[in-house]
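A quick write-up on the structure given underneath.
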Amino acid sequence: MTQQSAETLTVRDNRTGKEYDVPITDGTIKAADLGQIKAGDDAPGLAVYDPGFVNTASCRSAVTYIDGDKGILEYRGYPIEQLAEKSNFLEVAYLLVHGALPTKAEYDAWVHEITFHTFVHENVKEFMQGFRYDAHPMGMLMASVGALSTFYPDARNISDSENRHMQIVRMIAKMPTLGAWSFRHAQGKPWVYPDNELSYTANFLSMLFKMSEQKFDADERLVKALDVLFILHADHEQNASTNAVRSVGSTQVDPYSAVAAGVGALFGPLHGGANEAVLRMLKRIGSKENIPDFIKGVKDGNERLMGFGHRVYKNYDPRAKIIKKSAEDVFEVTGTNPLLDIALELEKIALEDEYFVKRKLYPNVDFYSGLIYEAFQFPPEMFTVLFAIGRTPGWLAQWLELVQDKEQKIARPKQIYTGDRTLDFVPASERWA
Ligand SMILES: CC(C)(COP(=O)(O)OP(=O)(O)OC[C@H]1O[C@@H](n2cnc3c(N)ncnc32)[C@H](O)[C@@H]1OP(=O)(O)O)[C@@H](O)C(=O)NCCC(=O)NCCS
């Protein structure tokens with residue numbers, strides 16, 4: 001018997017009795033390496049069936065690291081806890097996009113660039129004003145980000161690094177403007193232009209809430225809390241919307257079109273909509289006395305405790321801890337929300353209850369974020385828009401990595417065909433005769 005390398009997988013095909021050695025690299029095998037395994041010379045090669053990509057790595061990435069069992073989240077190696085406490089959203093955006101923290105000069109230039117690209121062409125405004133009065137703000141955001149590709153046709157030149165940088169700056173800068181306008185549209189309020197004297201997040205709040213005052217001065221604690229929420233949402237490795245950005249981006253389309261696909265993916269209730277479900281659940285529970293009955297219903301399998309459990313985190317979601325603290329800061333300004341008491345009590349019970357402990361169900365990022373957004377007086381439809389603004393640097397960092405990655409190809413999965421074959425077509429005139 002020949003000596004096999006330890007870093008290989010030996011596969012025996014029981015259909016043929018043949019054995020194959022497949023190299024293992026970074027804990028993975030290449031799905032393409034299984035293609036050599038065939039039942040006969042003319043038979044198709046063995047493929048991998050993996051709906052939802054539950055066990056398929058689609059790329060190599062140096063952007064975000066997650067250890068779900070230990071509850072670790074790091075952007076470019078920096079723990080999320082430290083970034084949320086000591087950094088700010090634009091610095092984190094720089095880190096994600098560039099891969100390293102900025103020097104003072106780099107930071108100042110980055111903030112300046114982003115600040116001075118917050119305005120959009122007036123035609124974008126006119127285009128957005130064409131939406132129905134009750135248009136969902138996520139639909140408006142998705143369409144308007146996609147529409148930016150028509151305003152910046154040069155964005156198609158994705159092989160030029162300066163050009164890529166320009167589009168990244170534009171998109172991070174303009175997302176709050178588009179998001180705020182989609183909010184004002186639903187309310188029938190006049191749209192507020194960016195105020196370039198304000199910070200990124202303070203300007204966003206100004207565009208959302210300013211009325212007749214000369215300057216909108218948001219409470220610093222609210223600005224900080226929203227900035228932290230943006231940081232917490234800035235990236236989460238290969239989640240559904242990032243995968244959508246990468247998949248569309250793999251066609252070498254411009255980044256506005258790729259990010260519009262990401263916004264579309266985030267719009268779905270399985271991805272960006274869970275915090276709204278938490279809020280509805282807390283309102284339905286109504287008071288602490290009803291919690292035991294509710295928990296019993298969950299344990300009997302009648303419903304789920306929304307905001308608990310995660311596909312990746314089998315420990316306390318590190319973002320949930322930070323958000324809990326932000327919620328306290330926000331309620332200091334806005335006055336406490338009785339739903340917070342219900343949430344805290346639910347969490348306390350669930351963390352001690354065997355059902356949840358055994359299944360490793362812990363609060364996730366959505367458990368407290370809806371409460372904070374409600375304290376800001378955002379309607380639930382806006383929650384996902386806030387998520388999208390926060391996630392934009394992550395989408396762009398991943399897109400940038402994709403377009404420079406020589407191993408990447410156009411995303412084009414295989415299928416297992418289950419339909420008919422070789423039917424004879426009968427023209428309509430004969431079929432309907
Ligand atoms: C996030 C979520 C979809 C992850 O699902 P998943 O990794 O596929 O886990 P599963 O659905 O296989 O759940 C595993 C077990 O825990 C239970 N479970 C998972 N989440 C639960 C929840 N929130 N409440 C009650 N039970 C839950 C399941 O019923 C299952 O129990 P079983 O083994 O007795 O059948 C799931 O935890 C969930 O629906 N959570 C609520 C929605 C939510 O907060 N989503 C936001 C995610 S950021």
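Order of appearance sets the numbers: ligands from 1, and atoms from 1 within every ligand.
Side-chain contact check for Leu351 versus Tyr362: some heavy-atom pair is nearer than 4.5 Å.
Protein residues having a heavy atom under 4.0 Å from any atom of ligand 1 are Ala274, Val298, Arg304, Leu305, Met306, Gly307, Phe308, Gly309, His310, Arg311, Lys314, Tyr355, Arg359, Leu361, Asn364, Asp366, listed by chain and number.
Among residues two or more places apart in sequence or in another chain, the side chain to side chain donor-acceptor pair (under 3.5 Å) test is passed with Asp108 by Lys104.
Residue pairs meeting the ring pair (Phe, Tyr, Trp, His ring centres under 6.0 Å) criterion with at least one partner in residues 245-278, sequence neighbours excluded, are His136-Phe267, Tyr152-Tyr256, His271-Phe387.
Other residues, nucleotides and ligands contribute only 12 or fewer heavy atoms inside 6.0 Å of the CZ atom of Phe53. Around the CZ atom of Arg311, the shell of radius 6.0 Å holds no more than 12 heavy atoms that belong to other residues, nucleotides or ligands.
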Table please: side-chain donor-acceptor pairs of residues 199-208 below 3.5 Å, with sequence neighbours left out.
residue : atom : partner : partner atom : Å
Ser199  : OG   : Ala202  : N            : 3.1
Tyr200  : OH   : Ile172  : O            : 2.7
Thr201  : OG1  : Asp227  : OD1          : 2.6
Asn203  : OD1  : Asp195  : N            : 2.8

